Amino acid sequence: MAKVLATLRQHWKKSTFGACLLGWGGHWLYGKHCDNLLRRAACQEAQAFGNQLIPATMPLKKATVFLNPAACKGKAGNLFEKNAAPILHLSGLDVTVVKTDYEGQAKKLLELMENTDLIIIAGGDGTVQEVVTGLLRRADEAAFSKIPIGFIPLGKTCSLSHTLYPESTNQVQHITNATLAILKGETVPLDVLQIKGEKEQPVFAVSGLRWGSYRDAGVKVSKYWYLGPLKTKAAHFFSTFKEWPQKHQAALMYLGPTERPPEEPEEKCRPPLHVRLYRRLRSYWLSPKGLPKEVAPEEWEELKLSTIELCIATQNRQLDLTRTEDFMDICIEAESVSKGQFVHRGSQKMRDPHVCLEGSQHIQASRCILQLPEGTEGFFGIDNEEYEAMPVEVKLLPRKLRFFCDPRMREQLLQAAVQ
């Protein structure tokens with residue numbers, strides 16, 4: 001023992017390095033062991049769903065998974081196979097996995113998709129945006145938009161996961177919780193933005209649209225990876241070397257919020273013929289007779305704006321299941337900011353892209369038209385995906401899609417509404 005201690009003291013540098021390496025290796029192995037325990041517990045819970053008896057005449061529920069293997073720097077495929085796929089197969093669902101090979105493929109595949117009971121998106125914000133756009137571009141979108149959608153967060157940016165699932169620092173736990181939430185069946189209605197240019201087909205977003213300097217600087221953050229935790233501030237600092245102040249000018253026309261109609265209860269089966277006839281006759285006899293009422297013209301508000309950034313966002317980030325009005329948030333950031341403020345606020349925008357900072361103008365609208373000056377260059381960020389900047393009309397589609405969520409999150413939303 002004395003010889004061992006003498007040797008360790010004599011070669012203290014190698015001993016210190018070996019002790020650090022051994023400690024790191026032990027911590028890594030313990031983390032892997034904990035991840036395996038989480039996967040096993042999730043699979044056991046999923047197997048309980050798969051063991052439930054169903055009538056012989058009832059077919060298995062069909063789930064179509066749209067997987068983007070390129071998400072999370074190419075790791076999404078492996079993450080899905082290890083953490084989500086076993087849970088889905090053990091649950092008793094008839095699972096079909098569709099892997100996308102290139103950007104925009106999901107939109108085309110949605111046009112050809114046959115009937116399915118569930119749609120599951122496995123990827124990040126870009127995959128969600130593609131699937132939702134392809135779904136709502138279908139000719140029969142009125143029927144297909146009623147299909148519940150599950151979201152398995154596998155991408156670099158997953159804005160919806162903050163609304164649908166509890167926060168978790170463990171990636172394996174976050175993915176397994178999201179997959180189990182699909183099996184539990186709790187859903188929440190989410191708003192969608194329809195964004196239509198003059199010539200292009202409409203694009204649909206569940207988070208929002210950004211146009212301005214904060215977005216442009218945020219896109220370049222990854223270029224400064226070698227600066228570590230300073231890369232965000234560096235990207236915004238170097239962007240101030242351009243023409244300053246950075247103004248984005250446009251004309252905005254918008255309509256105010258609309259009253260939210262009561263949500264109709266879902267009918268699990270078609271009512272009998274005599275009930276349907278009674279409902280039609282009742283609605284006919286009770287409908288007011290006489291001349292049709294004149295529809296009041298829409299009151300458009302017009303605004304000339306000069307801003308450092310414009311943001312149009314849904315209410316999905318701060319969901320309120322009991323609100324009485326439907327609207328989207330339009331945030332017009334103040335243009336009179338110093339370079340130091342720009343760098344500081346840029347870091348805040350990276351943490352929450354749709355936050356409306358102090359001194360900004362805030363508008364609630366159900367529909368808006370954004371007119372850009374001729375020759376305007378740059379890009380929009382629509383759900384963190386780049387699109388060429390052009391004049392667009394943005395329309396709110398309230399409660400258009402239903403997404404699966406963790407029952408704990410739904411309970412929190414209902415409790416907050418009661419309070």
Side-chain angles (χ1 to χ4, degrees), residues 128-129 132 135-136 141-142 145-146 148-149 159-160 162-164 186-196 202-211 250-266 288 293-303 305 307 309-333 352-371 382-383 392-405 409-419:
V128 174
Q129 193 264 330
V132 169
L135 181 68
L136 296 180
E141 61 85 16
S145 62
K146 295 179 181 178
I149 301 173
S159 302
L160 275 183
H162 302 288
T163 301
L164 303 176
E186 293 286 349
T187 61
V188 289
L190 296 185
D191 298 340
V192 176
L193 295 184
Q194 176 183 287
I195 304 165
K196 193 174 187 308
V203 174
F204 297 88
V206 292
S207 294
L209 176 149
R210 293 177 66 198
W211 174 56
L252 182 70
M253 297 175 62
Y254 63 93
L255 293 173
T258 57
E259 187 177 352
R260 164 167 284 192
E263 190 170 2
E264 297 180 0
E266 296 183 5
K293 294 182 180 179
E294 292 185 4
V295 180
E298 297 177 323
E299 297 182 2
W300 288 87
E301 300 282 345
E302 189 169 355
L303 179 67
L305 57 91
T307 177
E309 179 160 292
L310 174 71
C311 176
I312 304 173
T314 63
Q315 293 290 301
N316 295 336
R317 193 65 189 266
Q318 297 176 335
L319 207 56
D320 182 1
L321 300 179
T322 60
R323 69 176 187 263
T324 57
E325 290 185 325
D326 288 317
F327 56 86
M328 52 190 173
D329 284 322
I330 302 176
C331 181
I332 304 169
E333 298 283 354
D352 186 358
H354 298 290
V355 65
C356 207
L357 300 172
E358 185 180 354
S360 305
Q361 186 176 357
H362 181 248
I363 298 172
Q364 294 179 345
S366 59
R367 188 177 168 192
C368 70
I369 297 174
L370 182 65
Q371 294 287 349
I382 301 177
D383 280 4
V392 292
E393 178 182 358
V394 184
K395 181 180 179 182
L396 179 71
L397 305 179
R399 297 183 293 181
K400 184 64 176 177
L401 299 173
R402 296 195 72 89
F403 274 75
F404 289 104
C405 72
M409 295 297 291
R410 181 177 174 83
E411 188 177 348
Q412 287 178 13
L413 291 171
L414 293 175
Q415 287 178 353
V418 171
Q419 294 173 359

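These numbers come from a predicted model, not from an experiment. Only heavy atoms go into these numbers, but all of them, side chains included; no hydrogens, no water, no symmetry mates.
- Annotation for Ile330 and Ala365: closest pair CD1-CB, 3.9 Å, computed over non-hydrogen atoms.
- Rounding to the nearest 0.5 Å gives a distance of 4.5 Å between CG of Asp383 and OG of Ser207.
- Nearest heavy atom pair, residue Leu135 against residue Ser145, reads CD2-CA, 4.5 Å.
- To the nearest 0.5 Å, the span separating CD on Glu301 from SG on Cys368 amounts to 13.0 Å.
- No donor-acceptor pair closer than 3.5 Å links the side chain of Asn316 to the backbone N or O of Leu190.
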Assess the residue pair Asp191 and Leu397 against the criterion (side-chain contact (heavy atoms from CB on, under 4.5 Å)); give the C-alpha distance rounded to whole Å, side-chain angles, the decisive distance to 0.1 Å, and a yes or no. CA-CA 6 Å; Asp191 298 340; Leu397 305 179; over 6 Å; no
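- Glu333 is linked by a side-chain hydrogen bond (donor to acceptor under 3.5 Å, both in side chains) to Lys349, Ser360, counting only residues two or more places apart in sequence or in another chain.
- If you check the side chains of Asp320 and Gln315, you find no donor sitting under 3.5 Å from an acceptor.
- Annotation: side-chain hydrogen bond (donor to acceptor under 3.5 Å, both in side chains) contacts of Ser159 (sequence neighbours excluded): Asp125.
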Does the pair Met328 and Gln364 meet the rule for a side-chain contact (heavy atoms from CB on, under 4.5 Å), with working shown? CA-CA 6 Å; Met328 52 190 173; Gln364 294 179 345; over 6 Å; no
side-chain contact (heavy atoms from CB on, under 4.5 Å) between Leu164 and Met409: does it pass, once the steps are laid out? CA-CA 7 Å; Leu164 303 176; Met409 295 297 291; over 6 Å; no
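- The distance from atom OG1 of Thr187 to atom CD1 of Ile149, rounded to the nearest 0.5 Å, is 11.0 Å.
- Looking at residues two or more places apart in sequence or on another chain, you find a side-chain hydrogen bond (donor to acceptor under 3.5 Å, both in side chains) between Glu393 and Arg367.
- The distance from the CG atom of Leu255 to the CZ atom of Phe327 is 15.0 Å, given to the nearest 0.5 Å.
- Considering only heavy atoms from C-beta on, Phe403 stays 4.5 Å or farther from Pro148 through its side chain.
- The CD1 atom of Ile369 sits 11.5 Å away from atom NZ of Lys395, with the distance rounded to the nearest 0.5 Å.
- At least one donor-acceptor pair closer than 3.5 Å links the side chain of Thr314 to the backbone N or O of Val206.
- Residues meeting the salt bridge (Lys or Arg N to Asp or Glu O under 4.0 Å) test with Lys400, sequence neighbours left out: Glu141.
- Here Glu302 pairs with Met253, Lys304 under the side-chain contact (heavy atoms from CB on, under 4.5 Å) rule; sequence neighbours left out.
- You'll find the side chain of Arg210 reaches within 4.5 Å of the side chain of His354, heavy atoms only.
- Here Glu325 pairs with nothing under the salt bridge (Lys or Arg N to Asp or Glu O under 4.0 Å) rule; sequence neighbours left out.
- For the pair Leu136 and Val192, the minimum side-chain heavy-atom distance is below 4.5 Å.
- Ile363 has its side chain within reach of Leu303: a pair of non-hydrogen atoms, C-beta onward, lies under 4.5 Å apart.
- Residues Leu401 and Lys146 have side chains not in contact (no heavy-atom distance under 4.5 Å, counting atoms from C-beta outward).
- Separation of atoms SG (Cys331) and CG (Leu310) is listed at 8.0 Å; rounding is to 0.5 Å.
- Between Asp326 and Arg399, none of the side-chain N atoms (NZ, or NE/NH1/NH2) sits under 4.0 Å from a carboxylate O, so this pair counts as no salt bridge.
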For Thr324 and Glu259, run side-chain contact (heavy atoms from CB on, under 4.5 Å): C-alpha distance rounded to whole Å, both residues' side-chain angles, the deciding distance at 0.1 Å, then the answer. CA-CA 6 Å; Thr324 57; Glu259 187 177 352; 5.9 Å; no
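- Nearest approach of Ala205 to Ile382, heavy atoms of both residues: CB-CG2, 3.7 Å.
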